[in-house]
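The next block holds one structure in the form of structure tokens; read it before the comments.
Throughout, a chain's letter reflects where its sequence line sits, starting with A, and its residues are numbered from 1.
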Number of protein chains: 2
Amino acid sequence: MQDKPLLAFDADDTLWHNESFFALTEEAFTQLLAPYAEPGALRERLTRTERRNLGIFGYGVKGFTLSMIETAIDVTDGTVPAMVLQALLDLGKEMMAHPVTLLDGVGDVLEQLATRFPLMLITKGDLFHQENKVARSGLADLFTAVEIVSEKDTMSYSRLLARHGVAPERLVMVGNSLRSDVLPILDIGGWGVHIPYPLTWDHEQAPEPLGHPRYVRLSGIRDVPMWVEAQFPSGSIVG
Amino acid sequence: MQDKPLLAFDADDTLWHNESFFALTEEAFTQLLAPYAEPGALRERLTRTERRNLGIFGYGVKGFTLSMIETAIDVTDGTVPAMVLQALLDLGKEMMAHPVTLLDGVGDVLEQLATRFPLMLITKGDLFHQENKVARSGLADLFTAVEIVSEKDTMSYSRLLARHGVAPERLVMVGNSLRSDVLPILDIGGWGVHIPYPLTWDHEQAPEPLGHPRYVRLSGIRDVPMWVEAQFPSGSIVG
């Protein structure tokens with residue numbers, strides 16, 4: 001057990017859809033504000049507001065909703081009708097309450113892996129919303145630990161590993177974001193498995209660490225078991 | 001060490017001021033909307049919206065800010081100028097960025113206790129905001145663990161104790177909320193130390209468990225060391 005790898009999974013856009021709901025909401029945002037500006041300009045203003053507010057609000061739907069409202073006021077020079085702002089608020093509530101839709105193969109693969117390896121879920125963002133999503137995903141029992149952090153960087157990962165007494169070389173992190181799930185893990189000595197999602201939030205864009213000995217890109221979660229078995233035959237570390 | 005009590009502290013309104021900032025913001029809210037309704041009616045509507053949204057947004061300033069915006073739209077039948085809503089949004093941002101003001105005696109007492117007992121901080125609410133406040137409080141190094149949970153109930157406390165391998169009878173929880181810091185702790189077999197704060201959010205009101213053998217009310221954090229020494233002479237459990 002002690003030398004088995006610990007398989008850690010990102011949640012949003014790795015286990016279940018997330019960015020696509022943001023994209024749908026952004027689409028609704030541009031439609032609601034169509035009388036005031038072009039969709040492209042609206043999207044750009046929203047992204048700018050969002051980035052500026054990230055340091056104040058942190059990640060998550062509630063901060064995003066506040067940023068939509070702020071952008072709507074800003075882009076209309078304060079002439080936006082309050083009912084449009086209420087509609088944006090309702091979009092935010094819908095996102096918070098949206099059913100969790102697992103990505104293809106996730107349930108099967110995690111159930112299979114859980115019989116051989118300890119699994120951990122590591123997600124960033126809003127504690128309340130992420131806990132709700134984990135609960136509604138039906139996957140909670142497959143994980144030996146669920147960790148929700150406010151930022152995924154070398155410091156937060158190192159702290160997490162120390163707390164669980166896991167050596168970095170035992171950690172395999174599977175996720176869709178190079179910036180959050182792969183690069184900091186490689187930096188601290190762990191294994192980074194990248195499974196791209198069709199949509200990537202600008203903020204998560206990062207260069208691919210091609211050729212790194214502990215990095216691999218897989219095309220879907222169904223490829224994880226075979227890669228893990230090949231990399232860690234008989235369940236032990238050989239890297 | 002093993003039989004020493006673990007002293008856990010709530011954060012908001014136990015270590016630093018919090019509810020008073022909400023009260024100031026609520027005051028500004030009633031002033032901004034004074035042309036539309038009486039302060040009392042405004043406060044009541046806001047409280048109702050807040051409670052209704054608690055299950056969607058969870059605790060914290062971002063959800064509160066969204067509830068202020070929703071109430072303002074609601075109470076004015078959608079006629080509120082967008083600039084008033086921007087002002088509410090700015091109030092929310094100010095709350096997020098507000099300096100952390102420690103309650104009287106907190107620094108001294110925690111420094112003193114930290115030399116004798118393991119200290120833990122257990123707070124509920126927004127992960128990003130609470131982490132920020134802990135960091136800015138200057139107290140982080142005094143705690144062996146900082147735990148931020150989405151709800152403080154018997155389940156979340158039990159999970160936390162299990163994770164840290166702490167028996168309930170070793171846990172002393174110090175906080176201002178009977179509902180969140182005291183009653184669930186007594187339920188699971190721990191010690192509840194209540195230090196009232198001058199203001200209590202309606203949502204946190206609960207009956208005082210007078211006469212409970214593991215409950216005590218102290219008038220301030222400066223009374224904690226003497227109570228702990230009396231209750232656990234030579235640092236061990238005798239309850």
(request) Please look at A/D90 and chain B and tell me whether the side chain, the backbone, both or neither of the residue comes under 4.5 angstrom of a heavy atom of that chain. (result) neither
(message) To the closest 0.5 Å, what do you measure between CG (A/L89) and CG (B/N53)?
(response) 7.5 Å
(message) Heavy-atom pairs under 4.5 Å with chain A: which of B/A97, B/A82, B/G78 has the most?
(response) B/A82
(request) Compare all side-chain heavy atoms of A/D126 with those of B/L127 and state whether any distance is below 4.5 angstrom. (result) no
(message) With a 3.5 Å distance limit and no angle check, can you tell me whether B/K62 reaches the backbone of A/F57 through a side-chain donor-acceptor pair?
(response) yes
(request) Drop me the distance from A/I73's CD1 to B/I69's CD1, to the nearest 0.5 angstrom. (result) 6.5 Å
(request) Give the minimum heavy-atom separation between A/F128 and B/S150, together with the two atoms involved. (result) CA-CB, 4.2 Å
(request) Would you mind checking which part of A/V149 comes under 4.5 Å of any heavy atom in chain B, side chain (CB onward), backbone (N, CA, C, O), both or neither? (result) backbone
(message) Using heavy-atom distances under 4.5 Å, tell me whether A/L54 contacts chain B through its side chain, its backbone, both, or neither.
(response) backbone
(message) Could you check whether atom CD of B/Q31 has more than 12 heavy atoms from other residues, nucleotides or ligands sitting under 6.0 Å from it?
(response) yes
(request) Evaluate the side-chain proximity of A/L66 to B/K93: yes if any heavy-atom separation is below 4.5 Å, no if none is. (result) no
(request) Measure distances from B/E131 to the heavy atoms of chain A and classify the residue's part below 4.5 Å as side chain, backbone, both or neither. (result) side chain
(request) Measure B/L85 against the heavy atoms of chain A and call it side chain, backbone, both or neither at under 4.5 Å. (result) both
(message) As an exercise, state the distance from CD1 of A/I56 to CE of B/M95, rounded to the nearest 0.5 Å.
(response) 14.0 Å
